[in-house]
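Notes for the one structure printed next.
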2 protein chains.
Amino acid sequence: MQSAQDYCKEHKLQLTPARRKVLELLLQEHRALGAYTILDLLREAGFKSQPPIAYRALDFLVENGFAHKIERLNAFVACSLPGTKHSPAFMICRQCEIVAETQSPMSNLNLSATADVSAFRIEQTIIEAKGVCNSCAEIEQL
Amino acid sequence: MQSAQDYCKEHKLQLTPARRKVLELLLQEHRALGAYTILDLLREAGFKSQPPIAYRALDFLVENGFAHKIERLNAFVACSLPGTKHSPAFMICRQCEIVAETQSPMSNLNLSATADVSAFRIEQTIIEAKGVCNSCAEIEQL
DNA sequence: AACGTTATGTAATATTATATCATGGAGAAG
DNA sequence: CTTCTCCATGATATAATATTACATAACGTT
């Protein structure tokens, strides 16, 4: 949170109350939060409650690398490595819905190496894996 | 299409008129089609037009490996390698929206090798890259 | 003070997806 | 051959996600 503030100062970005609150909410969770869940939490915290409030804050956070969208879930998580250029991959537990971010082991170059893809200039890659986390796997085995 | 029919016969799957039509529609396009676009096309072809019609057919096609959902686009494409176990990756042109399927160069093992992910048992991975295809890249340069 | 830029307020609506319950049709079991 | 069961479809409603559009405000610059 502190580092987010510093980063914004340095890059002349405005970490406004709504944006700040959304980031806090995301940081408190290890699961992905839907835009409307966030909207509810914002409302509870005294913010206005129309959808654009949440979507604008989320857009800001995603654009500036403070959060990621998990496409499979239509939901959002705080970035675990804000301010750094990275190509993230996500692990989603289908049981407890926890989301873990990891560094993608695959560079764009890797993907480009496959034959029929040489016809593309890749700009951004998303990787999302679904499975079960260790704790849930143990429970399943009982 | 023929092979899809054969595959269904072999696996006792029912390639009903609606499912068949949706598959045909997807095969005709190299872009991803949204469920409601498909629904419109179905209607034009004389099918009933409630959302579940399209979603059920799409679910069937996806479950049985005839199609994939592109999460980034909330849209669907025909599978280029139906009937085979594969771990696909998609290239989406942000300009013309063409979608190309390629074989993922990354096995689950690869991803699992990254440290903080060893705590997951991965069951399915999606990879979607956005960029520009060659033809659009050329046009952009003008 | 006037202006431009960025962010917020507000209403309405578009898009994507699912739940639920009723109906029909084809093959298996009796 | 008929009853049962399973699977697919028909139909209505509604949920969940996301965006458009236009108005207002806040703030620094000229």
Side-chain angles (χ1 to χ4, degrees), chain A residues 4-5 8-9 11-23 25-26 31-43 45-64 66-77 92 94 97 99 126 128, chain B residues 4-5 8-9 11-23 25-26 31-43 45-64 66-77 92 94 97 99 126 128:
Chain A
Q5 246 169 301
C8 284
K9 201 158 248 172
H11 291 74
K12 314 227 184 217
L13 300 171
Q14 300 185 48
L15 192 59
T16 59
R19 292 169 177 177
R20 188 196 167 97
K21 184 67 187 175
V22 172
L23 181 52
L25 292 169
L26 291 178
R31 287 172 303 125
L33 296 177
Y36 281 73
T37 304
I38 288 167
L39 193 54
D40 286 344
L41 295 168
L42 281 176
R43 183 183 299 125
F47 289 83
K48 295 300 166 60
S49 55
Q50 275 65 36
I53 301 297
Y55 281 104
R56 284 166 183 163
L58 288 166
D59 284 350
F60 170 86
L61 295 173
V62 169
E63 267 172 25
N64 295 289
F66 297 117
H68 299 288
K69 179 170 188 184
I70 308 298
E71 297 286 350
R72 271 176 105 112
L73 303 176
N74 294 318
F76 301 83
V77 287
I92 305 158
R94 64 168 153 71
E97 298 232 293
V99 174
I126 70 175
E128 296 174 6
Chain B
Q5 247 170 299
C8 284
K9 201 158 251 173
H11 291 73
K12 314 225 182 214
L13 299 170
Q14 300 185 47
L15 193 59
T16 59
R19 292 168 176 177
R20 188 194 168 97
K21 184 67 187 174
V22 172
L23 181 53
L25 292 168
L26 291 178
R31 288 173 303 123
L33 297 177
Y36 282 75
T37 304
I38 288 167
L39 192 54
D40 287 345
L41 295 168
L42 281 177
R43 182 182 300 125
F47 289 83
K48 294 300 166 60
S49 55
Q50 276 63 35
I53 301 296
Y55 282 103
R56 284 167 182 163
L58 288 166
D59 284 350
F60 170 86
L61 295 174
V62 169
E63 268 171 25
N64 295 290
F66 297 117
H68 299 288
K69 178 170 186 183
I70 308 298
E71 296 287 348
R72 272 175 104 114
L73 303 176
N74 294 318
F76 301 82
V77 286
I92 306 158
R94 63 167 154 70
E97 298 232 292
V99 174
I126 70 175
E128 297 174 5

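Listed by first then second residue, pairs satisfying side-chain hydrogen bond (donor to acceptor under 3.5 Å, both in side chains) with a partner in residues 12-21 of chain B read B/Gln5-B/Arg20, B/Arg20-B/Glu24, not counting sequence neighbours.
When rounded to the nearest whole Å, the span between CG of B/Leu15 and P of D/dA8 equals 11 Å. A straight line from CD of A/Gln14 to P of C/dT8 spans 8 Å, rounded to a whole angstrom. Nucleotide D/dA8 holds its C1' atom 10 Å from the CD1 atom of B/Ile53, rounded to whole Å. Following rounding to the nearest Å, A/Leu58 (CG) and C/dA7 (P) show an atom-to-atom distance of 15 Å. With rounding to whole Å, A/Lys12 atom NZ is found 12 Å from D/dG28 atom C1'. Distance A/Leu13 CG to C/dA7 C1': 13 Å, rounded to the nearest Å. If you measure from atom CZ of B/Arg43 to atom P of D/dA11, you get 13 Å, rounded to the nearest angstrom. Rounded to whole Å, the distance from CZ on B/Phe47 to C1' on D/dT9 is 12 Å.
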Test side chain to side chain contact (heavy atoms under 4.5 Å, CB included) applied to B/Phe66 and B/Leu26, step by step: CA-CA 10 Å; B/Phe66 297 117; B/Leu26 291 178; over 6 Å; no
Worked check of side chain to side chain contact (heavy atoms under 4.5 Å, CB included) between A/Lys69 and A/Val77: CA-CA 7 Å; A/Lys69 179 170 188 184; A/Val77 287; over 6 Å; no
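Summary for the helix from C/dA1-D/dT30 to C/dG30-D/dC1: the axes at its two ends, each from 5 pairs, differ by 10° when rounded to the nearest 10 degrees.
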Side-chain donor-acceptor distances from residues 52-59 of chain B under 3.5 Å, at least two apart:
none

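In terms of heavy atoms, B/Ser49 sits closest to B/Leu39 at O-CD2, 3.3 Å. Between B/Phe60 and B/Cys8, the shortest heavy-atom contact is CZ-SG, 4.4 Å.
Of the side-chain N and O atoms in A/Lys48, one or more sit less than 4.0 angstrom from OP1 or OP2 of C/dT10.
Each of D/dA8, D/dT12, D/dT9 was ranked by its minimum atom distance to the side chain of B/Ala18; first place goes to D/dT9.
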Contact pattern, 5' to 3', of nucleotides 17-26 of chain D - B, S or - by protein heavy atom under 4.0 Å: BBBBB-----
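Side-chain atoms of A/Glu128 do not come within 3.5 Å of backbone N or O of A/Ile92 as any donor-acceptor pair.
Scanning for ring-ring contact (aromatic ring centres under 6.0 Å, His included) contacts around B/Phe76 gives an empty result, with sequence neighbours left out. B/Arg31 meets the salt bridge (charged side-chain N to carboxylate O under 4.0 Å, His left out) test with B/Glu29; sequence neighbours excluded.
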